[in-house]
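Taking it in order: structure first as structure tokens, then the write-up.
Below, chains carry the letters A, B, ... as their sequence lines are ordered, and counting in each starts from 1.
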Protein chains: 2
Amino acid sequence: MTASDPEAAAAPPSPKAEQVLQAASRVFREQGYGSASMDAIARAAGVSKATLYAHFAGKDQLFAAIVSGECRRHSQALTAPDIDRLEVRQALAAIGRNFLDLVLSAKARAIYRIVIAEAPRFPELGRAFYASGPAAVLARLADYLGAADARGTLRVEDPKLAAEQFVAMLMGPLHMRHLLGLTAEFGDRDPAQVVEAAVATFLSAYAPSDPA
Amino acid sequence: MTASDPEAAAAPPSPKAEQVLQAASRVFREQGYGSASMDAIARAAGVSKATLYAHFAGKDQLFAAIVSGECRRHSQALTAPDIDRLEVRQALAAIGRNFLDLVLSAKARAIYRIVIAEAPRFPELGRAFYASGPAAVLARLADYLGAADARGTLRVEDPKLAAEQFVAMLMGPLHMRHLLGLTAEFGDRDPAQVVEAAVATFLSAYAPSDPA
DNA sequence: GTCTATAAAGGGATAGAC
DNA sequence: GTCTATCCCTTTATAGAC
């Protein structure tokens, strides 16, 4: 019955497993990998430790399952709709708002924290996270910029680099401060203002010649 | 004798304490806060655990002492020299190179990882890190941009925001990938190229009118 | 102050009953 | 599959000798 589904693909069949995954995700996000104990996870999930080990070979594999699951879910959430039907400025603003909302969300921040922290000890995890998250976003944005260049609505020599600059200007003013828990202090900015400024600077550099 | 020096200010007087701090820094950076044990730190420092507890009240205070020490050291390393005697383009490029070299260094990455990871459980640490590191750099850069605007060599309405955009474009294409340990894959870039591109995009947006 | 030795608690992982 | 109870090890932290 379960031969074709080695539990690594999509949805875990057992409701107990899902229960464990959700609780473990919360505990890992709250305590970090090193400090989170299997005991605490079992307690949070309302199951015994033996049940944990019946579904996952160990702490490391449980952790890997959670991170890859969260990455999958988040990258799905970033399927931008109809940016091709918008003006370049509006399209970039829409992409920027969606992206910024995602990366500043509490869950995304917690996942990012823990993946960054454990990347040296879980190298494959770092790769999987980057590939399913940032790399996918950058690739899609670069495609859009390349197409805009072909249409003449932008002039972008290196779409990949331009995409990275745009994303960087979106995240830069807010991401680190939010990661550090500094939202009010150090003059926190309105995300809408950050998006607008990023679009403005980007277009100053990459608009064809004179869009007026 | 030690009344005026509550050990929180500058240099630890005891050589043993310095020995402990260096070893603990390495262990924390290699293993993360949660997984690092006082036992391992004592072993790495070549002292007994009792000596650890003679100098530091506990794991958390030892950790805090290390992070604040590293922040102090790194922010001192960023005293940019004579940028006022350079052309704007060259000054920005010099700032960019220095900054990128620092934030991409192995030690800075390790510190950043652990501060980000533990910020929710050590809020004061996050504040101290940001204030002594990124905020100081941004403030100095914003000052420079504001002065350039006053001289007419740039046109920058919001120097703080422009500084954040510039720094973001420097870090964006490289920082996250390096944090995740992905240097070769996903098309790693030459830092020099990143600096050049960031300066170019920045000047496209903030050059006065026509510098030619 | 520094060590050896140990206390007291909590960690990951498992055996065996159901 | 799931639970209770437990093994065995490591953890943080301390007592007592020097």
Can you tell me how far P of C:dT6 sits from CE of B:M38, to the nearest Å?
21 Å
Using whole Å, what does the distance between atom P of nucleotide D:dT14 and atom CG of B:L52 come to?
12 Å
Residues in side-chain contact (heavy atoms from CB on, under 4.5 Å) contact with A:S68, at least two apart in sequence or another chain:
A:R72
Could you pull out all residues at least two apart from B:R43 that satisfy side-chain contact (heavy atoms from CB on, under 4.5 Å)?
B:D39, B:A40
Under 3.5 Å, is there a donor-acceptor pair between the side chain of B:S25 and the main chain of B:L21?
no
Residue pairs, two or more places apart or on separate chains, that pass ring pair (Phe, Tyr, Trp, His ring centres under 6.0 Å) and touch residues 20-46 of chain B:
B:F28-B:Y33, B:F28-B:F63, B:Y33-B:F63, B:Y33-B:F122
Is there a side-chain contact between B:I111 and B:R29, using heavy atoms and a 4.5 Å cut-off?
yes
Residues two or more places apart in sequence or in another chain: which of them pass side chain to side chain donor-acceptor pair (under 3.5 Å) with B:R127?
A:E185
Test item: A:R26 side-chain N/O and A:Q22 main-chain N/O as donor-acceptor pair under 3.5 Å
no
Nearest whole angstrom, please: distance from the C1' of D:dT12 to the CD of B:Q61.
14 Å
Phosphate oxygens OP1/OP2 of C:dT14: is one of them under 4.0 Å from a side-chain N or O of A:Y53?
no
For every nucleotide of nucleotides 2-7 of chain D, 5' to 3': is a protein heavy atom under 4.0 Å from its base (B), only from its sugar-phosphate (S), or from neither (-)?
SBB---
So A:D39, base contact, sugar-phosphate only, or nothing? Heavy-atom distance under 4.0 Å.
sugar-phosphate
Does anything in residues 30-37 of chain A come within less than 4.0 Å of DNA chain C? Heavy atoms only, and list the residues if so.
A:A36, A:S37
Nearest 0.5 Å, what's the OG-CD distance between B:S132 and B:E70?
11.0 Å
